[in-house]
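Inspection log for the structure reproduced underneath, given as C-alpha coordinates.
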Amino acid sequence: MADEKIKLPIRSALIPIFYKNFRCLMGACQDNCCDDGWKIEFSKKDYLAVKRAVEQNEKLQALVSQGMRRLRKREHDGMYAEFHITDSGRCAFHTKEGLCRLQLECGEKALPEVCRTYPRRVGYTPAAKEYSLSPSCEGVLQQLWDLPEGVGFVEDPLSSAEQATADIPRGNNLLICFEPIRSLFIDILQNRALSLTERMLYLGVVLQRLQKENWDIFDPDVWTKQVTAQTDVDTIKDMTANIPGNRDMYLMQNLQVLDAISKGQMGWPTELYKAVNVKRKFTLASTVDGVSERNIQLMTSFSKKAYEDALEKFQAAFSDREYFFENLMVAAALHMGFPALDSKEKLWEGYVSLCNLYSFYRFVSVLGCKEDQTKERLFHMIVVASRATLHDSVRFNGFQEELFQHDSSTLAHMAILLSG
Ligand code: SF4
(Lines give C-alpha, C1' and ligand atoms only; values in the text may rest on other atoms or scores of the structure.)
Protein backbone atom coordinates (compact mmCIF):
# COMPACT_ATOMS: atom_id res chain seq x y z
CA MET A 1 0.00 0.00 0.00
CA ALA A 2 1.59 3.28 -1.12
CA ASP A 3 0.15 5.34 1.74
CA GLU A 4 0.80 2.72 4.44
CA LYS A 5 2.54 4.25 7.48
CA ILE A 6 4.83 2.80 10.11
CA LYS A 7 3.72 3.93 13.57
CA LEU A 8 6.50 4.65 16.07
CA PRO A 9 5.49 5.33 19.66
CA ILE A 10 7.27 8.32 21.26
CA ARG A 11 7.54 7.77 24.99
CA SER A 12 10.50 9.89 26.08
CA ALA A 13 11.98 13.39 25.94
CA LEU A 14 15.55 14.10 24.91
CA ILE A 15 16.94 17.21 26.57
CA PRO A 16 20.46 18.61 26.06
CA ILE A 17 21.91 19.55 29.40
CA PHE A 18 22.31 23.22 28.47
CA TYR A 19 18.57 23.48 27.83
CA LYS A 20 17.80 22.65 31.45
CA ASN A 21 20.26 25.28 32.72
CA PHE A 22 19.30 28.09 30.34
CA ARG A 23 18.40 31.47 31.86
CA CYS A 24 17.69 34.69 29.95
CA LEU A 25 20.35 37.33 30.74
CA MET A 26 17.69 40.06 30.46
CA GLY A 27 19.23 43.54 31.05
CA ALA A 28 22.76 42.09 31.03
CA CYS A 29 22.39 40.82 27.44
CA GLN A 30 24.41 42.87 24.91
CA ASP A 31 22.26 41.84 21.92
CA ASN A 32 18.86 41.67 23.54
CA CYS A 33 16.40 39.91 21.22
CA CYS A 34 13.75 42.59 21.89
CA ASP A 35 16.11 45.38 20.74
CA ASP A 36 17.49 43.96 17.55
CA GLY A 37 14.99 45.17 14.97
CA TRP A 38 13.46 41.69 14.62
CA LYS A 39 9.90 41.47 13.45
CA ILE A 40 7.97 39.89 16.32
CA GLU A 41 5.01 38.25 14.56
CA PHE A 42 2.32 36.07 16.11
CA SER A 43 -1.05 34.37 15.64
CA LYS A 44 -4.58 35.72 15.98
CA LYS A 45 -4.95 33.76 19.23
CA ASP A 46 -1.93 35.59 20.70
CA TYR A 47 -3.18 38.93 19.35
CA LEU A 48 -6.53 38.49 21.12
CA ALA A 49 -4.82 37.30 24.32
CA VAL A 50 -2.74 40.51 24.47
CA LYS A 51 -5.86 42.62 23.93
CA ARG A 52 -7.70 40.78 26.70
CA ALA A 53 -4.77 41.00 29.12
CA VAL A 54 -4.62 44.81 28.98
CA GLU A 55 -8.38 45.41 29.15
CA GLN A 56 -8.21 46.77 32.72
CA ASN A 57 -5.05 48.83 32.26
CA GLU A 58 -5.49 52.13 30.43
CA LYS A 59 -1.81 52.98 30.10
CA LEU A 60 -1.00 49.58 28.65
CA GLN A 61 -4.01 49.78 26.36
CA ALA A 62 -2.58 52.99 24.90
CA LEU A 63 0.82 51.32 24.46
CA VAL A 64 -0.80 48.29 22.80
CA SER A 65 -2.67 50.46 20.33
CA GLN A 66 0.64 52.10 19.34
CA GLY A 67 2.93 49.09 19.69
CA MET A 68 0.86 46.22 18.22
CA ARG A 69 -0.69 46.07 14.77
CA ARG A 70 -2.43 43.69 12.38
CA LEU A 71 -0.33 42.37 9.52
CA ARG A 72 -3.22 42.62 7.01
CA LYS A 73 -1.46 42.41 3.60
CA ARG A 74 1.58 40.60 4.95
CA GLU A 75 -0.48 37.95 6.79
CA HIS A 76 1.30 34.62 6.25
CA ASP A 77 1.87 31.16 7.78
CA GLY A 78 -0.76 31.75 10.46
CA MET A 79 0.92 35.03 11.48
CA TYR A 80 -1.73 37.66 12.09
CA ALA A 81 -0.18 40.59 13.99
CA GLU A 82 3.15 42.01 15.09
CA PHE A 83 4.74 44.16 17.75
CA HIS A 84 5.74 47.41 16.11
CA ILE A 85 9.50 47.98 16.24
CA THR A 86 10.49 51.56 17.04
CA ASP A 87 13.00 53.52 14.92
CA SER A 88 15.75 52.49 17.32
CA GLY A 89 14.94 48.82 16.67
CA ARG A 90 13.30 48.22 20.05
CA CYS A 91 10.09 46.39 20.81
CA ALA A 92 7.66 49.08 22.04
CA PHE A 93 7.15 47.17 25.32
CA HIS A 94 10.83 46.89 26.16
CA THR A 95 11.90 49.01 29.15
CA LYS A 96 15.23 50.79 29.59
CA GLU A 97 16.19 48.13 32.14
CA GLY A 98 15.87 45.42 29.50
CA LEU A 99 12.57 44.05 30.83
CA CYS A 100 9.20 43.48 29.16
CA ARG A 101 6.48 45.82 30.35
CA LEU A 102 3.71 43.54 29.15
CA GLN A 103 5.12 40.66 31.17
CA LEU A 104 5.82 42.83 34.23
CA GLU A 105 2.27 44.15 34.41
CA CYS A 106 0.18 41.28 33.03
CA GLY A 107 2.30 38.18 33.66
CA GLU A 108 4.01 35.76 31.29
CA LYS A 109 0.71 34.29 30.09
CA ALA A 110 -0.09 37.57 28.31
CA LEU A 111 2.91 37.20 25.99
CA PRO A 112 2.66 35.80 22.46
CA GLU A 113 4.09 32.30 22.16
CA VAL A 114 7.24 33.49 20.34
CA CYS A 115 8.12 35.78 23.29
CA ARG A 116 7.40 33.04 25.84
CA THR A 117 9.47 30.41 24.08
CA TYR A 118 12.42 32.13 22.32
CA PRO A 119 15.18 30.87 22.12
CA ARG A 120 13.68 27.45 22.85
CA ARG A 121 12.38 25.00 20.28
CA VAL A 122 10.43 21.89 21.18
CA GLY A 123 9.24 19.33 18.67
CA TYR A 124 8.82 15.64 17.99
CA THR A 125 11.34 13.68 15.96
CA PRO A 126 10.81 9.96 15.17
CA ALA A 127 12.96 9.28 18.27
CA ALA A 128 11.65 11.53 21.03
CA LYS A 129 10.13 14.80 22.08
CA GLU A 130 13.22 16.94 21.60
CA TYR A 131 14.32 20.22 23.11
CA SER A 132 16.80 22.64 21.58
CA LEU A 133 17.97 26.23 21.95
CA SER A 134 18.93 28.67 19.22
CA PRO A 135 22.58 29.82 19.13
CA SER A 136 21.24 33.29 18.25
CA CYS A 137 20.91 34.07 21.97
CA GLU A 138 23.78 35.18 24.18
CA GLY A 139 22.37 33.29 27.18
CA VAL A 140 22.58 30.08 25.14
CA LEU A 141 26.17 30.79 24.10
CA GLN A 142 27.08 31.30 27.76
CA GLN A 143 25.70 27.83 28.50
CA LEU A 144 27.79 26.34 25.69
CA TRP A 145 30.86 28.19 26.95
CA ASP A 146 30.33 26.73 30.43
CA LEU A 147 30.41 23.13 29.15
CA PRO A 148 34.10 22.27 28.54
CA GLU A 149 33.27 18.59 28.87
CA GLY A 150 30.83 18.80 25.95
CA VAL A 151 27.07 18.65 25.55
CA GLY A 152 25.44 15.79 27.43
CA PHE A 153 21.81 14.70 27.21
CA VAL A 154 19.17 13.53 29.63
CA GLU A 155 16.30 11.29 28.70
CA ASP A 156 13.05 11.71 30.64
CA PRO A 157 9.87 9.65 30.37
CA LEU A 158 6.92 11.56 28.90
CA SER A 159 3.61 11.95 30.70
CA SER A 160 0.75 10.16 28.94
CA ALA A 161 -0.55 13.54 27.69
CA GLU A 162 2.78 14.25 25.98
CA GLN A 163 3.24 10.83 24.43
CA ALA A 164 2.72 10.73 20.68
CA THR A 165 3.05 8.52 17.62
CA ALA A 166 5.30 9.26 14.66
CA ASP A 167 3.66 8.24 11.38
CA ILE A 168 6.45 7.36 8.99
CA PRO A 169 5.63 6.70 5.34
CA ARG A 170 7.00 3.40 4.07
CA GLY A 171 9.43 3.83 1.23
CA ASN A 172 12.61 5.59 0.41
CA ASN A 173 13.46 7.18 3.75
CA LEU A 174 15.41 6.31 6.87
CA LEU A 175 13.30 8.20 9.40
CA ILE A 176 12.65 4.98 11.26
CA CYS A 177 16.42 4.79 11.98
CA PHE A 178 16.70 8.39 13.14
CA GLU A 179 17.89 7.65 16.67
CA PRO A 180 20.95 5.43 15.99
CA ILE A 181 22.06 7.49 12.98
CA ARG A 182 21.77 10.83 14.77
CA SER A 183 23.63 9.42 17.83
CA LEU A 184 26.47 8.31 15.57
CA PHE A 185 26.67 11.76 13.96
CA ILE A 186 26.73 13.52 17.35
CA ASP A 187 29.49 11.11 18.45
CA ILE A 188 31.50 12.11 15.36
CA LEU A 189 31.01 15.83 16.12
CA GLN A 190 32.20 15.17 19.69
CA ASN A 191 35.21 13.01 18.82
CA ARG A 192 38.04 15.07 20.32
CA ALA A 193 40.79 12.88 18.92
CA LEU A 194 40.16 14.84 15.70
CA SER A 195 40.12 18.59 15.06
CA LEU A 196 36.65 20.02 14.61
CA THR A 197 37.32 20.61 10.92
CA GLU A 198 38.37 16.96 10.52
CA ARG A 199 35.19 15.85 12.29
CA MET A 200 33.01 17.96 9.99
CA LEU A 201 34.75 16.56 6.95
CA TYR A 202 34.60 12.98 8.20
CA LEU A 203 30.88 13.46 8.81
CA GLY A 204 30.59 14.17 5.06
CA VAL A 205 32.52 10.99 4.24
CA VAL A 206 30.18 8.93 6.45
CA LEU A 207 27.11 10.63 5.01
CA GLN A 208 28.22 9.79 1.49
CA ARG A 209 28.60 6.19 2.60
CA LEU A 210 25.08 6.25 3.99
CA GLN A 211 23.77 7.68 0.72
CA LYS A 212 25.25 4.72 -1.16
CA GLU A 213 23.53 2.12 1.07
CA ASN A 214 20.39 0.37 -0.12
CA TRP A 215 17.84 2.02 2.18
CA ASP A 216 15.22 -0.66 1.43
CA ILE A 217 17.22 -3.29 3.33
CA PHE A 218 19.13 -1.00 5.69
CA ASP A 219 20.10 -2.32 9.13
CA PRO A 220 21.12 0.65 11.35
CA ASP A 221 22.77 -1.51 14.04
CA VAL A 222 25.02 -3.34 11.59
CA TRP A 223 25.84 -0.11 9.73
CA THR A 224 26.67 2.01 12.81
CA LYS A 225 28.84 -0.85 14.18
CA GLN A 226 30.73 -1.02 10.88
CA VAL A 227 31.31 2.75 10.82
CA THR A 228 32.38 2.81 14.48
CA ALA A 229 34.78 -0.11 13.91
CA GLN A 230 36.35 1.80 11.01
CA THR A 231 36.77 4.98 13.10
CA ASP A 232 40.52 4.70 13.40
CA VAL A 233 41.82 8.22 14.08
CA ASP A 234 44.96 7.98 11.92
CA THR A 235 42.99 6.64 8.96
CA ILE A 236 40.46 9.45 9.28
CA LYS A 237 43.22 12.04 9.53
CA ASP A 238 44.84 10.65 6.37
CA MET A 239 41.50 10.46 4.59
CA THR A 240 40.52 14.06 5.41
CA ALA A 241 44.04 15.40 4.70
CA ASN A 242 43.65 14.10 1.16
CA ILE A 243 40.63 16.35 0.55
CA PRO A 244 42.30 19.70 -0.18
CA GLY A 245 41.05 23.04 1.12
CA ASN A 246 41.51 26.43 -0.48
CA ARG A 247 41.71 29.60 1.65
CA ASP A 248 41.01 32.02 -1.25
CA MET A 249 37.88 30.15 -2.23
CA TYR A 250 36.81 29.86 1.41
CA LEU A 251 37.01 33.66 1.73
CA MET A 252 35.29 34.26 -1.60
CA GLN A 253 32.49 31.88 -0.69
CA ASN A 254 31.86 33.46 2.72
CA LEU A 255 31.97 36.99 1.29
CA GLN A 256 29.26 35.85 -1.12
CA VAL A 257 27.22 34.49 1.78
CA LEU A 258 27.70 37.80 3.58
CA ASP A 259 26.54 39.69 0.48
CA ALA A 260 23.52 37.40 0.08
CA ILE A 261 22.29 37.69 3.66
CA SER A 262 23.16 41.30 4.46
CA LYS A 263 21.88 43.20 1.43
CA GLY A 264 22.10 46.88 2.25
CA GLN A 265 22.63 46.25 5.97
CA MET A 266 25.25 48.49 7.58
CA GLY A 267 26.96 47.69 10.87
CA TRP A 268 28.58 44.31 11.35
CA PRO A 269 28.68 43.27 7.64
CA THR A 270 30.50 46.53 6.83
CA GLU A 271 32.99 45.86 9.64
CA LEU A 272 33.74 42.43 8.18
CA TYR A 273 34.26 43.80 4.66
CA LYS A 274 36.68 46.34 6.10
CA ALA A 275 38.52 43.73 8.18
CA VAL A 276 39.41 41.78 5.04
CA ASN A 277 40.00 44.92 2.90
CA VAL A 278 37.25 44.24 0.37
CA LYS A 279 37.45 46.56 -2.63
CA ARG A 280 34.48 47.08 -4.91
CA LYS A 281 33.79 48.88 -8.11
CA PHE A 282 30.52 50.26 -9.36
CA THR A 283 29.38 49.34 -12.81
CA LEU A 284 26.32 49.99 -14.89
CA ALA A 285 24.25 46.97 -15.78
CA SER A 286 21.15 46.67 -17.93
CA THR A 287 18.00 45.41 -16.30
CA VAL A 288 16.39 42.26 -17.68
CA ASP A 289 14.08 44.21 -20.00
CA GLY A 290 17.08 46.14 -21.32
CA VAL A 291 15.19 49.42 -20.96
CA SER A 292 17.01 50.91 -17.99
CA GLU A 293 20.41 50.65 -16.36
CA ARG A 294 21.34 50.46 -12.70
CA ASN A 295 24.47 50.76 -10.66
CA ILE A 296 25.72 47.45 -9.26
CA GLN A 297 28.70 46.80 -7.03
CA LEU A 298 31.21 44.11 -7.92
CA MET A 299 33.73 42.83 -5.42
CA THR A 300 37.13 43.18 -7.09
CA SER A 301 39.54 42.09 -4.37
CA PHE A 302 40.05 41.16 -0.72
CA SER A 303 43.10 40.47 1.39
CA LYS A 304 43.87 36.88 2.33
CA LYS A 305 46.78 38.20 4.41
CA ALA A 306 44.39 40.37 6.47
CA TYR A 307 42.31 37.27 7.19
CA GLU A 308 45.36 35.19 8.11
CA ASP A 309 46.63 37.90 10.49
CA ALA A 310 43.23 37.97 12.18
CA LEU A 311 43.21 34.15 12.29
CA GLU A 312 46.56 34.08 14.09
CA LYS A 313 45.28 36.43 16.79
CA PHE A 314 42.02 34.49 17.03
CA GLN A 315 43.79 31.15 17.45
CA ALA A 316 46.09 32.57 20.13
CA ALA A 317 43.15 34.00 22.09
CA PHE A 318 40.76 31.05 21.80
CA SER A 319 43.15 28.09 21.45
CA ASP A 320 41.66 26.40 24.51
CA ARG A 321 38.05 26.93 23.38
CA GLU A 322 37.63 24.43 20.57
CA TYR A 323 35.11 22.69 22.83
CA PHE A 324 32.92 25.82 22.59
CA PHE A 325 32.77 25.55 18.77
CA GLU A 326 32.06 21.82 19.10
CA ASN A 327 29.16 22.63 21.47
CA LEU A 328 27.99 25.35 19.10
CA MET A 329 27.83 22.92 16.18
CA VAL A 330 26.05 20.28 18.28
CA ALA A 331 23.50 22.93 19.35
CA ALA A 332 23.11 24.12 15.73
CA ALA A 333 22.69 20.53 14.45
CA LEU A 334 19.95 19.87 17.03
CA HIS A 335 18.26 23.15 16.22
CA MET A 336 18.31 22.42 12.47
CA GLY A 337 16.90 18.91 12.95
CA PHE A 338 20.06 17.33 11.49
CA PRO A 339 20.20 14.77 9.94
CA ALA A 340 17.35 15.00 7.44
CA LEU A 341 16.57 11.36 6.67
CA ASP A 342 13.53 11.95 4.44
CA SER A 343 15.54 11.21 1.31
CA LYS A 344 19.15 10.90 0.08
CA GLU A 345 18.96 14.42 -1.42
CA LYS A 346 17.67 15.96 1.82
CA LEU A 347 20.36 14.14 3.79
CA TRP A 348 23.09 15.83 1.74
CA GLU A 349 21.35 19.22 1.69
CA GLY A 350 21.27 19.14 5.51
CA TYR A 351 25.01 18.46 5.60
CA VAL A 352 25.72 21.31 3.15
CA SER A 353 23.71 23.65 5.41
CA LEU A 354 25.69 22.54 8.45
CA CYS A 355 29.02 23.08 6.64
CA ASN A 356 27.91 26.49 5.41
CA LEU A 357 26.95 27.49 8.90
CA TYR A 358 30.21 26.22 10.42
CA SER A 359 32.21 28.03 7.77
CA PHE A 360 30.28 31.25 8.24
CA TYR A 361 30.59 31.10 12.04
CA ARG A 362 34.33 30.72 11.65
CA PHE A 363 34.58 33.55 9.12
CA VAL A 364 32.59 36.08 11.19
CA SER A 365 34.30 35.03 14.43
CA VAL A 366 37.84 35.42 13.07
CA LEU A 367 37.22 38.73 11.28
CA GLY A 368 34.82 40.11 13.88
CA CYS A 369 37.39 39.54 16.64
CA LYS A 370 40.26 41.04 14.65
CA GLU A 371 40.57 44.05 16.96
CA ASP A 372 39.01 42.61 20.10
CA GLN A 373 39.58 38.97 21.03
CA THR A 374 37.15 38.77 23.95
CA LYS A 375 34.38 36.37 24.77
CA GLU A 376 31.84 39.23 24.59
CA ARG A 377 32.87 40.16 21.07
CA LEU A 378 32.87 36.50 19.99
CA PHE A 379 29.35 36.03 21.38
CA HIS A 380 28.16 39.16 19.58
CA MET A 381 29.50 37.90 16.25
CA ILE A 382 27.92 34.45 16.63
CA VAL A 383 24.60 35.95 17.70
CA VAL A 384 24.40 38.27 14.66
CA ALA A 385 25.56 35.49 12.31
CA SER A 386 22.91 33.09 13.70
CA ARG A 387 20.16 35.68 13.40
CA ALA A 388 21.07 36.30 9.75
CA THR A 389 21.18 32.59 8.88
CA LEU A 390 19.24 30.25 11.17
CA HIS A 391 16.52 32.88 11.64
CA ASP A 392 16.39 34.19 8.09
CA SER A 393 15.81 30.97 6.24
CA VAL A 394 14.50 32.75 3.12
CA ARG A 395 17.85 34.42 2.45
CA PHE A 396 19.97 31.52 3.66
CA ASN A 397 18.00 28.93 1.70
CA GLY A 398 18.22 31.14 -1.40
CA PHE A 399 21.98 31.05 -1.09
CA GLN A 400 21.96 27.27 -0.61
CA GLU A 401 19.90 26.82 -3.76
CA GLU A 402 22.54 28.74 -5.67
CA LEU A 403 25.20 26.37 -4.38
CA PHE A 404 23.25 23.39 -5.69
CA GLN A 405 22.59 25.04 -9.05
CA HIS A 406 26.30 25.73 -9.54
CA ASP A 407 27.38 22.25 -8.56
CA SER A 408 29.18 23.65 -5.50
CA SER A 409 27.75 21.15 -3.06
CA THR A 410 30.27 18.32 -3.48
CA LEU A 411 32.41 16.98 -0.63
CA ALA A 412 35.44 18.66 -2.27
CA HIS A 413 33.61 21.97 -2.09
CA MET A 414 32.70 21.34 1.55
CA ALA A 415 36.43 20.86 2.22
CA ILE A 416 36.95 24.38 0.85
CA LEU A 417 34.21 25.75 3.09
CA LEU A 418 35.85 24.06 6.06
CA SER A 419 39.36 25.31 5.28
CA GLY A 420 39.16 28.65 7.10
S1 SF4 B 1 18.94 37.14 23.38
FE2 SF4 B 1 18.65 35.51 24.92
S3 SF4 B 1 19.69 36.22 26.79
FE4 SF4 B 1 19.41 38.00 25.43
S5 SF4 B 1 17.45 38.91 26.09
FE6 SF4 B 1 16.94 37.50 24.40
S7 SF4 B 1 16.46 35.52 25.41
FE8 SF4 B 1 17.52 36.82 26.93
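Atoms within a ligand are numbered from 1 in the order they appear, just like the ligands themselves.
Remark: R70 is positioned above the aromatic ring of Y80, its terminal NZ or CZ atom under 6.0 angstrom from the ring centre and at most 45 degrees off the axis.
Annotation: atom 3 (S) of ligand 1 to nearest protein heavy atom, L25 N, 3.3 Å. Among all protein heavy atoms, the one lying closest to atom 6 (Fe) of ligand 1 is C33 SG, 2.3 Å. In this structure, the protein non-hydrogen atom closest to atom 1 (S) of ligand 1 is R387 NH2, 3.5 Å. In terms of protein heavy-atom proximity, atom 2 (Fe) of ligand 1 is closest to C137 SG, 2.3 Å.
Between F185 and Y351, the distance from one ring center to the other does not fall under 6.0 angstrom.
Defined by atom type and a distance below 3.5 Å, a donor-acceptor pair is present between the side-chain atoms of T86 and S88.
Considering S136, C24, C29 only, the shortest heavy-atom separation from atom 4 (Fe) of ligand 1 involves C29.
Side chain of E322 to backbone of L196: a donor-acceptor contact under 3.5 angstrom is found. Put simply, the side chain of Q143 gets close to the backbone of N21: a donor and an acceptor are under 3.5 Å apart.
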